[in-house]
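So the structure is just underneath, and the comments pick up after that.
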There are 4 protein chains.
Amino acid sequence: MSPKVGMEPIRRQQIIEAAKQCIVAKGLPHFSIKDIAKEAKLSTGVIYHYFENKDDLLVDVLKSSFSETEQLVQKNVDQATSYHEKIQAYLETVAEVPDQNPDFYLILLNYLSQAPYNDELKRVISRFFLNLGEFIEGILKIGFKEGVIKKVETKPVANLILSQAMGIAFYYLVTNETVSKEKINRDFVEIFKKYIE
Amino acid sequence: MSPKVGMEPIRRQQIIEAAKQCIVAKGLPHFSIKDIAKEAKLSTGVIYHYFENKDDLLVDVLKSSFSETEQLVQKNVDQATSYHEKIQAYLETVAEVPDQNPDFYLILLNYLSQAPYNDELKRVISRFFLNLGEFIEGILKIGFKEGVIKKVETKPVANLILSQAMGIAFYYLVTNETVSKEKINRDFVEIFKKYIE
Amino acid sequence: MSPKVGMEPIRRQQIIEAAKQCIVAKGLPHFSIKDIAKEAKLSTGVIYHYFENKDDLLVDVLKSSFSETEQLVQKNVDQATSYHEKIQAYLETVAEVPDQNPDFYLILLNYLSQAPYNDELKRVISRFFLNLGEFIEGILKIGFKEGVIKKVETKPVANLILSQAMGIAFYYLVTNETVSKEKINRDFVEIFKKYIE
Amino acid sequence: MSPKVGMEPIRRQQIIEAAKQCIVAKGLPHFSIKDIAKEAKLSTGVIYHYFENKDDLLVDVLKSSFSETEQLVQKNVDQATSYHEKIQAYLETVAEVPDQNPDFYLILLNYLSQAPYNDELKRVISRFFLNLGEFIEGILKIGFKEGVIKKVETKPVANLILSQAMGIAFYYLVTNETVSKEKINRDFVEIFKKYIE
DNA sequence: GATGAATGAGTTTTCATTCAT
DNA sequence: CATGAATGAAAACTCATTCAT
């Protein structure tokens with residue numbers, strides 16, 4: 001009936017998406033391979049056909065999430081041309097991820113809490129932070145070249161931006177406050193523009 | 001040898017500390033009641049004599065961690081008298097928690113990742129954030145009365161400070177970078193002083 | 001405060017009554033020594049001061065229940081003088097135990113189901129049946145002497161009466177029907193009077 | 001060797017039979033899932049593949065026992081044509097269940113004692129009683145139509161028959177008397193024929 | 001006499017993984 | 001490729017019993 005060959009990429013993606021839904025619905029430690037199989041409408045056995053084991057699958061889930069977010073940021077920033085537009089686009093994208101892709105920070109939080117006990121996760125997450133950091137640094141260098149910002153140590157700036165974005169997202173994941181959220185996001189953008197300039 | 005009556009407070013504390021060590025060593029989802037018992041040098045049964053179940057115990061572990069950190073902040077800020085001293089003490093204390101009590105943010109991260117799936121944790125963590133937030137708001141009001149800062153919306157400020165502190169701590173928990181850490185902490189203090197004033 | 005010596009019979013009775021309440025409330029396999037202690041408002045330790053172990057205590061509970069019921073039957077029958085009065089009193093007492101002492105058959109049912117696996121319970125229950133059986137046989141012999149009934153094999157009669165009474169009680173314990181109960185009790189008395197005469 | 005797909009009905013039956021043996025050998029509260037697995041020569045895990053939990057399995061064991069007995073009664077009565085033959089077949093079947101299927105009443109007794117504390121068991125047992133009761137009532141109605149018995153209130157009759165049969169069976173389960181058993185069974189049949197006619 | 005703290009074996013249940021079909 | 005049956009170790013939790021105080 002359904003095609004039986006060349007299913008590899010399709011099945012892998014199907015299983016990864018099912019696993020994401022499980023993380024979002026139950027949390028990283030609280031679902032089984034059976035849960036993933038049910039969510040993906042597959043048998044448990046087939047998962048082991050496409051992934052070595054559960055841990056491997058879960059690492060791939062994280063990589064997939066990171067890849068999506070990196071592409072989103074890249075796309076939004078690439079549309080802008082000048083430093084001012086780029087930095088604005090970047091900060092706004094970061095500030096709006098929780099609204100546009102609410103699962104992202106939830107998934108990140110789940111993996112982040114496991115990273116201190118798992119070197120592979122540590123590596124994958126560190127690389128993601130590094131990539132985003134270098135991305136900001138690239139923008140800042142443009143600003144410096146354009147002469148619109150002072151020379152800054154780009155690394156701490158990048159870290160502070162990422163940290164603040166992550167901290168805000170986690171804060172709201174747990175408290176469910178929404179009242180001051182917009183004000184916070186505006187302030188977040190303002191603070192860092194002032195900090196840089 | 002040891003007394004057989006009135007052990008309640010001693011044992012509860014002993015078990016809570018053992019559980020903390022397990023969280024720090026293995027992560028919230030990766031240790032068993034048996035591990036806690038071994039760490040506390042007690043039998044598994046006695047844990048159920050003092051705690052209803054594992055979840056209850058783990059909530060008490062979090063409450064204990066929060067209580068310690070709240071007392072630390074309180075102590076450091078109370079020693080200061082003027083607004084300037086107080087806000088400096090507050091920001092520095094928050095910035096230095098990762099050094100003075102390195103386990104705190106690791107434990108917090110573990111629980112934070114479970115909070116979206118657990119209403120009791122959500123409540124406990126929200127209350128902690130609220131307490132710390134109100135604490136900052138109190139300091140800011142002093143600054144306004146003293147006429148040394150402008151009138152600010154205290155709630156978003158408080159949230160941003162907490163979020164940034166948490167974000168930085170988590171960032172370093174996972175990346176193990178230490179190079180730019182001091183610079184980051186200094187900038188953190190500077191950013192928020194500038195933001196407020 | 002409370003007397004500390006000569007407590008033996010009082011404490012034993014207190015514990016036995018608490019155990020009865022536990023059986024009635026939860027069923028023989030579903031309560032612990034701690035439950036009994038709580039019900040009796042005593043510590044767990046004290047129970048082992050008065051009873052060898054849980055099994056021993058539970059046997060004593062059954063003996064106590066049997067003793068109460070035997071005394072009730074004895075009292076009601078002794079008040080009657082003639083055979084006709086005695087047999088009527090006997091059958092009515094047996095029929096009315098479920099109303100007058102609703103716990104009795106519930107407790108009996110609990111122990112009966114354990115008897116096939118426990119020789120001591122088997123002995124205690126057999127003796128109870130034997131006592132009640134001999135009691136009926138005594139009444140029947142009076143009837144024969146008075147010339148008001150034919151010569152019957154008393155043992156089967158006794159067994160049938162006991163069995164029927166027990167069966168009816170258990171039937172209603174489980175079905176909670178109450179509609180036809182009175183009719184049943186009347187028929188029970190009638191059937192056996194007819195059967196004997 | 002054995003097929004690996006479509007084992008459901010075979011395994012379920014295999015597990016149910018193993019559980020029955022455990023009840024007969026040890027009594028409802030005194031065996032573990034491990035005991036059932038050992039008896040069925042399976043792993044403990046597989047039991048949870050086919051049954052939700054122990055309670056569910058045990059309910060299915062009871063239903064299976066009831067179903068067997070209902071079929072036995074049905075078969076024996078259906079072979080008879082007239083009222084006289086049917087009522088005789090019914091009473092004799094009921095009287096002989098303890099001999100032909102000695103485990104049935106032992107299993108029933110085990111469950112009966114749990115029914116007061118378990119609404120599902122209550123429902124299942126009540127329904128069984130109801131079915132058997134309606135079965136007798138059907139026979140009695142034939143007798144009335146044929147004009148060979150008087151008009152009786154069929155429900156109390158049915159209850160009395162069931163109660164007596166159950167009571168006798170339990171009586172002998174516990175006392176192990178066998179001397180007067182045949183006499184009792186004969187009297188049981190006689191009593192009820194006389195009672196009806 | 002009385003307390004309740006402590007033990008540890010035993011219970012039910014879950015689950016990653018394997019593998020015959 | 002795909003299924004789902006099977007395993008068995010490990011988890012949380014219970015509880016009769018003992019014993020220092």
Side-chain angles (χ1 to χ4, degrees), chain A residues 1-8 11 29-37 42-57, chain B residues 1-8 10-11 29-37 41-55 57, chain C residues 1-8 11 29-38 41-57, chain D residues 1-8 10-11 29-37 41-55 57:
Chain A
M1 246 180 288
S2 55
K4 294 280 174 182
V5 277
M7 294 299 284
E8 174 111 18
R11 282 274 181 270
H30 301 307
F31 61 89
S32 64
I33 287 285
K34 224 175 170 176
D35 291 325
I36 301 174
L42 292 170
S43 68
T44 60
V46 83
I47 291 177
Y48 285 86
H49 192 79
Y50 293 103
F51 296 90
E52 193 67 25
N53 54 42
K54 197 185 181 187
D55 279 357
D56 263 36
L57 161 56
Chain B
M1 233 183 300
S2 55
K4 283 273 177 175
V5 170
M7 295 302 285
E8 177 118 16
I10 295 151
R11 285 283 179 266
H30 301 307
F31 61 89
S32 64
I33 286 285
K34 227 172 171 175
D35 292 326
I36 302 175
K41 289 174 187 175
L42 291 170
S43 68
T44 60
V46 81
I47 292 177
Y48 289 89
H49 192 75
Y50 293 105
F51 296 90
E52 195 69 23
N53 53 44
K54 196 185 182 186
D55 278 359
L57 162 56
Chain C
M1 247 181 288
S2 54
K4 294 278 175 180
V5 277
M7 294 299 285
E8 174 110 21
R11 282 276 181 269
H30 301 307
F31 60 90
S32 64
I33 287 285
K34 223 174 171 178
D35 291 325
I36 302 174
K38 206 175 288 171
K41 290 174 185 174
L42 292 170
S43 68
T44 60
V46 81
I47 291 177
Y48 286 86
H49 193 79
Y50 292 104
F51 297 90
E52 193 67 25
N53 54 42
K54 197 185 183 187
D55 279 358
D56 263 37
L57 160 56
Chain D
M1 235 183 296
S2 55
K4 283 274 177 176
V5 170
M7 295 302 284
E8 177 120 16
I10 295 150
R11 286 282 179 266
H30 301 306
F31 61 90
S32 65
I33 287 285
K34 227 174 173 174
D35 291 326
I36 301 175
K41 290 174 185 174
L42 291 170
S43 68
T44 60
V46 82
I47 292 177
Y48 288 87
H49 192 75
Y50 293 105
F51 296 90
E52 194 70 23
N53 53 44
K54 195 184 182 187
D55 277 359
L57 161 56

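In this text the structure is predicted, and so the values were computed from the model without any measurement. Per chain, numbering begins at 1; letters A, B, ... match sequence-line order.
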[X] [atom1] to [N] [atom2], straight-line distance once rounded to whole Å:
X: R11(A); N: dA2(F); atom1: CZ; atom2: C1'; value: 8 Å
X: D56(C); N: dT17(F); atom1: CG; atom2: P; value: 9 Å
X: F51(A); N: dC1(F); atom1: CZ; atom2: P; value: 14 Å
X: L57(B); N: dA12(F); atom1: CG; atom2: P; value: 11 Å
X: I47(A); N: dA16(E); atom1: CD1; atom2: P; value: 10 Å
X: I36(B); N: dC13(F); atom1: CD1; atom2: P; value: 10 Å
X: M7(B); N: dT7(E); atom1: CE; atom2: P; value: 10 Å

- prompt: What does Y50(A) touch in the nucleic acid at a heavy-atom separation under 4.0 angstrom: a base, only the sugar-phosphate, or nothing?
  reply: sugar-phosphate

For residues [X] and [Y], report the shortest heavy-atom separation together with the two atoms involved.
X: E8(B); Y: Y50(B); value: CA-CE2, 3.5 Å
X: Y48(B); Y: N53(B); value: CE2-CA, 4.0 Å
X: F31(D); Y: K54(D); value: O-NZ, 2.9 Å
X: D35(B); Y: H30(B); value: OD2-O, 4.3 Å

pair_partner(dT21(E)), Watson-Crick or wobble, both distances < 3.5 Å, evaluates to dA2(F)

Checking N1-N3 plus N6-O4 or O6-N4 for Watson-Crick, or N1-O2 and O6-N3 for wobble, each under 3.5 Å, the partner of dA16(F) is dT7(E)

Note: for L42(C) and K41(B) on DNA chain E, the residue whose nearest nucleotide lies more 5' is L42(C)

OP1 or OP2 of dA2(F) sitting under 4.0 Å from any side-chain N/O of H49(A)? no

When rounded to the nearest 0.5 Å, the distance separating CE of M7(B) from CD1 of I10(B) is 5.0 Å

When rounded to the nearest 0.5 Å, the distance separating CG of L57(A) from CD1 of I33(A) is 6.0 Å

Point to revise | Crowding at NZ, K38(C) (>12 non-hydrogen neighbours, <6.0 Å) | key: no

Reading nucleotides 8-15 of chain E from 5' to 3' and marking B where a protein heavy atom lies under 4.0 Å of the base, S where only the sugar-phosphate is that close, and - otherwise, the string is BB-SSBBS

